Amino acid sequence: MRRFEGKVAIVTGASRGIGRGIALRLADEGAKVVINHRGSADGAAAVAEEISARGGAALVIQADVSQYDEAQRLVQETLAAFGQVDVLVNNAGLTRDTLIMMMKEEQWDAVIDTNLKSVFNCCKAVARPMVKRKRGRIVNISSVSGLAGQAGQTNYAASKSAVIGFSKSLAKELGSRNITVNVVAPGFVPTALTESILSEGDNTQRAIEATPLGRLGTAEDVAAAVAFLASDEASFITGQVLSVDGGLVMQ
Ligand code: NAP
C-alpha cells in the first residue's frame with residue numbers, strides 16, 4: 001500500500017521505539033516524514049538513514065515539543081522544507097513512575113509537559129496550516145494507563161486520559177474543516193520506556209497472561225493503526241480511541 005504518496009507527516013519522538021515504527025511505516029507508504037526528537041540525535045539520524053535506504057524521504061528536526069516555541073519551530077521548519085503538513089502524530093512521551101507519596105512536583109510536571117502540553121503545542125502549531133488547506137490528520141498516542149489507570153502512574157495516566165479529552169474536543173472544533181483527530185492507545189510494547197517495568201520480576205509474563213491475544217505488542221502493531229487513521233480510508237472517523245493492546249483493556 002502507498003497511501004501517503006505526496007503527503008508530509010510529522011512524527012514527534014521518532015528517534016526510537018513506537019515513534020520510529022510509525023515513521024518507517026508512513027515513509028514506506030510514500031510519506032515525506034519529519035523525524036522529531038529532543039536529545040537522541042544519533043537515533044533520529046539512524047531512522048532517517050533507514051528511510052533513505054528504503055528509498056523514502058525523511059528530515060530530522062530536533063525540537064523539545066514540551067516547549068511552545070519549539071513546537072512552533074518544528075512546524076515552521078517542516079513547512080519551509082516540504083511546503084505542507086498532512087499528518088501530525090503526537091507520539092513523544094515519557095514516564096516518571098512512582099507512588100503519589102513519593103512523587104515529586106518535577107516528576108508530575110515533566111510528564112504533563114511532555115505527554116500533554118506537547119500535544120497542545122503541536123496541534124496548535126499545525127491547526128492554522130491544516131485549516132488553510134481544508135485537510136489534515138492528527139493522531140495522538142495515549143495508553144491503556146489513560147483508559148484504565150495504573151498504580152505508580154498518576155502523572156502518566158492523567159496525561160494520557162487528558163490527551164483523549166483534548167482529542168475529542170479538537171475533533172469537534174476541526175471536523176468542519178476536514179481535519180480528523182483520533183487517538184491510538186497502545187498496550188505493552190517493549191521499548192526503552194517500558195524496559196524497567198517489563199524487566200522487573202515476572203512482569204513480562206504477567207503482562208502476557210493479562211492480554212487475551214497472549215503476547216506483547218510491537219511498534220509495527222501500533223504503526224499499522226496510526227497509518228490507517230492517518231489515511232484517506234479513515235476519512236469518516238474522528239474523535240475515536242483505537243486500542244492496540246491485544247484486548248488488555250476492553251471498553
Ligand atoms: P521511547 O522508546 O522512550 O521513545 C520516546 C520518544 O519520545 C523518543 O524518541 C524521545 O526522544 C521522544 N521524546 C521524549 N520527550 C520528548 C520531547 N520533549 N520532545 C521531543 N521528543 C521527545 O517510548 P515509546 O515506548 O516508543 O513510547 C512512544 C509513545 O507511546 C509515548 O507517548 C508513550 O507514552 C506511548 N505508549 C507506549 C507504550 C509502551 O508500552 N511502550 C504503551 C502505551 C503508550 P529523545 O530521546 O530525543 O527525547
Side-chain angles (χ1 to χ4, degrees), residues 10-25 33-48 60-75 88-97 109-122 125 139-150 153 155-164 166-167 183-199 203-204 207-208 210-211 215-223 225-226 241-246 248-249:
I10 298 174
V11 183
T12 70
S15 60
R16 59 170 182 266
I18 292 172
R20 170 181 171 276
I22 295 167
L24 292 176
R25 176 68 189 252
V33 181
V34 169
I35 311 294
N36 161 254
H37 71 96
R38 180 183 49 183
S40 306
D42 291 350
V47 176
V60 172
I61 301 182
Q62 185 284 333
D64 178 349
V65 290
S66 69
Q67 304 296 314
Y68 186 86
D69 293 346
E70 299 253 310
Q72 291 284 331
R73 178 175 59 77
L74 169 64
V75 173
L88 167 67
V89 183
N90 282 306
N91 166 82
L94 51 74
T95 52
R96 292 288 183 268
D97 294 354
D109 289 345
V111 169
I112 298 298
D113 287 352
T114 306
N115 299 4
L116 176 60
K117 187 160 186 224
S118 66
V119 177
F120 162 72
N121 290 342
C122 293
V139 183
N140 296 325
I141 306 299
S142 178
S143 165
V144 285
S145 296
L147 297 171
Q150 181 65 41
Q153 291 197 324
N155 49 1
Y156 184 76
S159 72
K160 293 298 186 181
S161 294
V163 161
I164 295 172
F166 173 92
S167 302
V183 176
V184 169
F188 292 109
V189 179
T191 64
L193 187 97
T194 47
E195 203 174 352
S196 61
I197 304 173
L198 288 173
S199 62
N203 277 356
T204 293
I208 290 171
T211 304
R215 67 171 175 86
L216 300 178
T218 64
E220 291 73 25
D221 291 325
V222 180
V226 171
V241 182
L242 179 51
S243 292
V244 181
D245 65 358
L248 185 62
V249 176

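Numbering of ligands and ligand atoms starts at 1, following listing order. No experiment lies behind these values; they were computed from the predicted model shown.
Taking every non-hydrogen atom of N36 and a distance limit under 4.0 Å, the qualifying atoms of ligand 1 come out as 20 (C), 21 (N). Taking every non-hydrogen atom of A192 and a distance limit under 4.0 Å, the qualifying atoms of ligand 1 come out as 2 (O). Against a heavy-atom cut-off of under 4.0 Å, P186 is close to the following atoms of ligand 1: 42 (C), 43 (C), 44 (C). The F188 neighbourhood of ligand 1 comprises atoms 40 (O), with distances under 4.0 Å to a heavy atom of that residue. Within the listing of ligand 1, atoms 19 (N), 20 (C) sit less than 4.0 angstrom from a heavy atom of A63. Each of the atoms 2 (O), 26 (O) of ligand 1 lies under 4.0 Å from some heavy atom of G17.
Proximity of G39 to ligand 1 is established by a heavy-atom distance of less than 4.0 Å. Distances shorter than 4.0 angstrom do not occur between any heavy atom of T12 and any atom of ligand 1.
Put simply, the side chain of F166 does not reach to within 4.5 Å of the side chain of N90, judged on heavy atoms. With contacts defined as side-chain heavy-atom distances shorter than 4.5 Å, the pair L216/L198 qualifies. Annotation: side chain of V163 is in contact with side chain of S167 (closest heavy-atom distance under 4.5 Å). Between Q153 and V111 the shortest side-chain heavy-atom distance does not fall below 4.5 Å. Considering only heavy atoms from C-beta on, I22 comes within 4.5 Å of I141 through its side chain. Taking the side chain as every heavy atom from C-beta outward, E70 and Q62 approach each other to under 4.5 Å.
Of all the listed residues (I18, N91, L74), N91 holds the heavy atom that lies closest to atom 29 (C) of ligand 1. Nearest to atom 38 (C) of ligand 1 by heavy atom, out of S143, G187, A185, is G187. With atom 23 (O) of ligand 1 as the reference point, the heavy atom nearest to it among L193, T194, V144 is part of L193.
Screening I164, D245, L248 for a side-chain contact (heavy atoms from CB on, under 4.5 Å) involving L147 leaves a single residue, I164. Of the candidates I10, N121, L88, I10 is the only one forming a side-chain contact (heavy atoms from CB on, under 4.5 Å) with V75.
Protein heavy atom at the shortest distance from atom 36 (N) of ligand 1 is Y156 OH, 3.5 Å. In terms of protein heavy-atom proximity, atom 25 (O) of ligand 1 is nearest to T191 OG1, 2.5 Å. For atom 18 (N) of ligand 1, the nearest protein heavy atom (residue, atom name, distance) is D64 OD1, 2.8 Å. Here the heavy atom of the protein found nearest to atom 2 (O) of ligand 1 is R16 NE, 3.2 Å. Shortest contact from atom 6 (C) of ligand 1 to any protein heavy atom: G13 O, 3.5 Å. Ranking protein heavy atoms by distance to atom 22 (C) of ligand 1, first place goes to A92 CB, 3.6 Å. Looking only at protein heavy atoms, the nearest one to atom 41 (N) of ligand 1 is V189 O, 3.0 Å. Closest to atom 11 (O) of ligand 1 among all protein heavy atoms lies S15 OG, 3.3 Å.
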| Are Q150 and T95 close enough, and set up right, to give a side chain to side chain contact (heavy atoms under 4.5 Å, CB included), and what steps lead you there? | CA-CA 12 Å; Q150 181 65 41; T95 52; over 6 Å; no

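The part of T114 lying near ligand 1 is the side chain, judged by heavy-atom distances below 4.0 Å. With a 4.0 Å cut-off on non-hydrogen atoms, P190 does not touch ligand 1 at all. Of the heavy atoms in S142, only backbone atoms (N, CA, C, O) come closer than 4.0 Å to ligand 1. Contact annotation for K160 and ligand 1: only side-chain heavy atoms (C-beta onward) come within less than 4.0 Å of the ligand.
Contact detail for N155 and R96: the closest heavy-atom pair is ND2-O, 3.0 Å. The minimum heavy-atom distance linking A185 with V241 is given by the pair CB-CG1, 4.0 Å.
A distance of 4.0 Å separates OG1 of T114 from CG of L94, quoted to the nearest 0.5 Å. Atom CG of N115 sits about 11.5 Å away from atom OG of S161, to the nearest 0.5 Å.
Residue-environment remark: CG (N203) exceeds the threshold of 12 foreign heavy atoms within 6.0 Å.
Between G19 and ligand 1, not a single N/O pair is under 3.5 Å apart.
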